[in-house]
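These notes are about the structure you will find just below.
For the single chain, residues carry numbers from 1 onward in sequence order. First listed ligand is number 1; within each ligand, the first listed atom is number 1.
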Amino acid sequence: MRISLYTGPGFLLGWDVMTVDSENGRAAPGEPPHACIIGAGSSGIAAAKALFERGIPFDCFEKSDRVGGNWVFANKNGMSAAYRDLFINTSRPRMEYSDFRMPEFYPDFPHHTQIAAYFDAYVDHFGFRDRITFETGVEHATREPDGRWVLELDNGQTRRYDALLVANGHHWNPRWPEPAFPGSETFPGEQLHAHSYRDNSIFAGKRVVVLGMGNSAMDIAVESSYVAERTYLAARQGVWIVPKYVFGKPIDQIRNDPRVPFKVRQRVMQQLLRTYSGPPERYGLPKPTHRFGEAHPTVSGRILDRLQHGTIIPKPNISAFEGSQVRFLDASAEKADVVVYCTGYKITFPFFEDDFISAPENRIELFRRVFHPDIPNVFFIGLLQPLGAIMPLAETQGAWVGDYLLGDYAPPPAAELRADIEADQTAMHERYVASKRHTIQVDFDDYLNALARERRAGAERARAKGFRPPAQCRPSAAITAS
Ligand SMILES: Cc1cc2nc3c(=O)[nH]c(=O)nc-3n(C[C@H](O)[C@H](O)[C@H](O)COP(=O)(O)OP(=O)(O)OC[C@H]3O[C@@H](n4cnc5c(N)ncnc54)[C@H](O)[C@@H]3O)c2cc1C
Ligand SMILES: NC(=O)c1ccc[n+]([C@@H]2O[C@H](COP(=O)([O-])OP(=O)(O)OC[C@H]3O[C@@H](n4cnc5c(N)ncnc54)[C@H](OP(=O)(O)O)[C@@H]3O)[C@@H](O)[C@H]2O)c1
């Protein structure tokens, strides 16, 4: 079957669509690289679609029996953090892929069941479901001296590939307070992480402490406040709380032109928030020590209402547990039955050896959050925290990697690439509050614009090189670090 969807220069090579015969070795010289995608969440399927429409042979391995990852409630992979009443906090037009709209009847902020159904429909619409191997986890990924990837699957099989796309998600490995609070080991009540929270039945009639000021803490404190005897919201630092709507429309649909300097946009948003809801201190929350846009946004249309009605009581950070009491940093103490740690997640790649590729303290240095500076045939999809939704960014990243594998994009020289990574890291550290949750931040529109520019520049470089697929990923070539 000839591929006819893709119209970039690589198409002129007229590669055939094929299934990967990776068990028996590599493809013949001249064929495009054989790729593997780990994970079929919203990032993995976006990358799969990009490779599929470019005629790049690939396998996608997915632990679960379905696509959608985090958005599948009670996902049998055990990795989803979705709770029964989870709704997205990035609005529908921000979250949908560029060429597949969510149904018109969906609300502005759909329920997780609608989001999961949308990802399912995406795969069927573009017709690549048969390229995903379900209920098959990648246990181990190593790189042979010639650069080929060797993947060990949990069904005992071993597969070989020329390129590896990692889309295993970064919101499934809970980060508990480090170190644990003194006395927590003898607390007689229940302690859980937001990742295992499913619904508020566990709070009925209880005294609940919710720790954190991110989006999990907001949702879970609000849910608790309807059924618990008491709900305390403990924070180690203040945040700006962003409403879901302003001026009658989702706040993330307000024009955010990347050509306007960030400082100007920041000032406008800060003023908007102050006018709309006043400072967080008015609700008893800690005063933020940063300006808007210097922390991952905490979005909630409901938390201020519940605070105003006294159904959630703000507290500073926990200092210790004393029997069944929780002591806070202001020296107050409250009896508690349940403590929910909404303290974030660890970026983890269990299939790589730690000394090969890992993200200690959630840090991993990549060129524009995708390309590894030392390993030319591994790519990361959806490994970013946007001020906005992840899906359209993962879609663009997939297309970018697809272009690269076809020879339609060439990266900058190694020194330039490293300098870019360094500049990116410096800018992020200068702007954001120091926290393990601010290591992969991007601004949605700015990032898309920057990738578009980079892809154009890389297409020019590729043209100068005669649109040759990267030697490092070509099936017949020995692969060396660039
Ligand atoms: C409670 C919550 C709410 C959120 N709300 C939003 C929101 O409103 N908007 C937004 O943009 N983002 C939101 N996020 C961020 C979330 O990360 C993204 O929405 C999205 O799930 C990212 O998709 P992903 O494919 O990168 O990861 P995931 O959805 O985690 O999918 C990863 C997939 O990889 C598979 N996998 C992992 N390891 C392996 C392996 N070794 N072998 C085979 N398969 C593997 C998993 O089974 C899974 O299917 C939210 C996160 C949480 C926790
Ligand atoms: N409705 C939705 O769409 C929804 C709901 C939930 C989550 N999400 C998304 O899921 C992702 C994860 O969100 P999250 O809220 O679970 O995690 P998060 O954004 O990483 O927030 C973690 C919070 O816990 C605090 N914290 C961490 N360690 C602590 C400690 N030892 N003591 C006290 N406080 C501590 C952090 O404070 P510091 O800032 O000081 O580090 C931060 O306030 C985000 O992308 C979020 O947008 C979306």
ask   = Looking at Y118, does the NZ or CZ of R92 lie under 6.0 angstrom from its six-membered ring centre and within 45 degrees of the ring axis?
value = no

ask   = Can Q385 and V442 be said to form a side-chain contact (heavy atoms from CB on, under 4.5 Å), step by step?
value = CA-CA 6 Å; Q385 275 287 107; V442 300; over 6 Å; no

inquiry  = What protein heavy atom lies closest to atom 27 (O) of ligand 1? Include the residue and the distance to one decimal.
reply    = G169 CA, 3.2 Å

request  = Work out which heavy atom in T298 is nearest to a heavy atom in M213; give both atom names and the distance.
outcome  = OG1-O, 2.7 Å

key: Pick from N70, V138, L384: the one approaching atom 28 (P) of ligand 1 most closely through a non-hydrogen atom   = N70

request  = Decide whether an N or O pair under 3.5 Å exists between T90 and ligand 1.
outcome  = yes

key: S216 to ligand 1, any heavy atom closer than 4.0 Å   = no

query = Which class fits the ring pair F371 and F379: parallel under 30°, tilted 30 to 60°, perpendicular over 60°?
reply = perpendicular

key: Residue-ligand contact N215/ligand 1, heavy atom below 4.0 Å   = no

key: Single hit among Y447, F380, Y409 for ring-ring contact (aromatic ring centres under 6.0 Å, His included) with W400   = Y409

remark   = shortest atom 38 (N) of ligand 1-to-protein heavy-atom contact is with N168 CB, 3.5 Å

query = Centre of Y197's six-membered ring, under 6.0 Å away, within 45 degrees of the axis: is that where NZ or CZ of R84 sits?
reply = no

task = May I ask you to check whether W71 has an N/O atom sitting below 3.5 Å from an N/O atom of ligand 1?
result = yes

ask   = Looking only at heavy atoms of F61, does any of them come nearer than 4.0 Å to an atom of ligand 1?
value = yes

query = Of the choices E62, K76, E135, Q385, which has the non-hydrogen atom that lies closest to atom 35 (C) of ligand 1?
reply = E62

request  = Decide whether a cation-pi geometry holds between R94 and F444; the criteria are a distance under 6.0 Å from NZ or CZ to the six-membered ring centre and an angle within 45° of the ring axis.
outcome  = yes

ask   = Looking only at N/O atoms, are S43 and ligand 1 under 3.5 Å apart anywhere?
value = yes

task = May I ask you to check whether F73 and Y83 place their ring centers less than 6.0 Å from one another?
result = no

task = Select one of side chain, backbone, both or neither to describe which atoms of M95 lie under 4.0 Å from any atom of ligand 1, heavy atoms only.
result = side chain

ask   = Can you tell which of H140, M79, M391, H171 gets a heavy atom nearest to atom 37 (C) of ligand 1?
value = M79

request  = Sort out the contact shell of ligand 2: every protein residue with a heavy-atom distance below 4.0 Å, listed by chain and number.
outcome  = Y83, L86, F87, I88, N89, H171, P177, L211, G212, M213, G214, N215, S216, D219, R236, Q237, H296, N317, C342, T343, G344, Y345, Q385, S435, R437

inquiry  = With a 4.5 Å cut-off on side-chain heavy atoms, are E152 and V138 touching?
reply    = no

ask   = Any nitrogen or oxygen of T136, main chain or side chain, under 3.5 Å from a nitrogen or oxygen of ligand 1?
value = no

task = Can you sort out the partners of H140 under ring pair (Phe, Tyr, Trp, His ring centres under 6.0 Å), two or more places apart, ordered by chain and number?
result = none

query = When only distance counts, is K63 in polar contact with ligand 1, meaning an N/O pair under 3.5 Å?
reply = yes

inquiry  = Students should be able to answer this: which protein heavy-atom is nearest to atom 31 (O) of ligand 1, and at what distance?
reply    = G41 CA, 3.5 Å

Closest protein heavy atom (residue, atom, distance) for atom 7 (C) of ligand 1 = N89 OD1, 3.5 Å

ask   = Are the aromatic ring centres of H34 and Y161 under 6.0 angstrom apart?
value = no

ask   = Hey, is R159 close enough to D59 for a salt bridge, meaning N to O under 4.0 Å?
value = yes

ask   = Given S91, S42, G388, which has its nearest heavy atom closest to atom 20 (C) of ligand 1?
value = S42

ask   = Against heavy atoms of A167, which atoms of ligand 1 measure under 4.0 Å?
value = 32 (C), 33 (C), 34 (O)

request  = Write out the residue and atom name of the closest protein heavy atom to atom 36 (N) of ligand 1, then the distance separating them to 0.1 Å.
outcome  = G39 CA, 4.0 Å

task = May I ask you to check if ligand 1 and I38 share an N or O to N or O distance below 3.5 Å?
result = no

Which residue and heavy atom of the protein sit nearest atom 11 (O) of ligand 1, plus the separation = I390 N, 3.0 Å

ask   = Does any N/O atom on H170 come nearer than 3.5 Å to any N/O atom on ligand 1?
value = no

key: Side-chain H-bond candidate by donor/acceptor type, T136 with K63, under 3.5 Å   = no

message = Taking the ring centre of each residue, are Y341 and W176 less than 6.0 Å apart?
response = yes

task = Go through ligand 1 atom by atom and flag the ones less than 4.0 Å from a non-hydrogen atom of I88.
result = 8 (O)

message = So if I count the atoms of ligand 1 from 1 in the order they appear, which ones are less than 4.0 Å from some heavy atom of A389?
response = 11 (O)

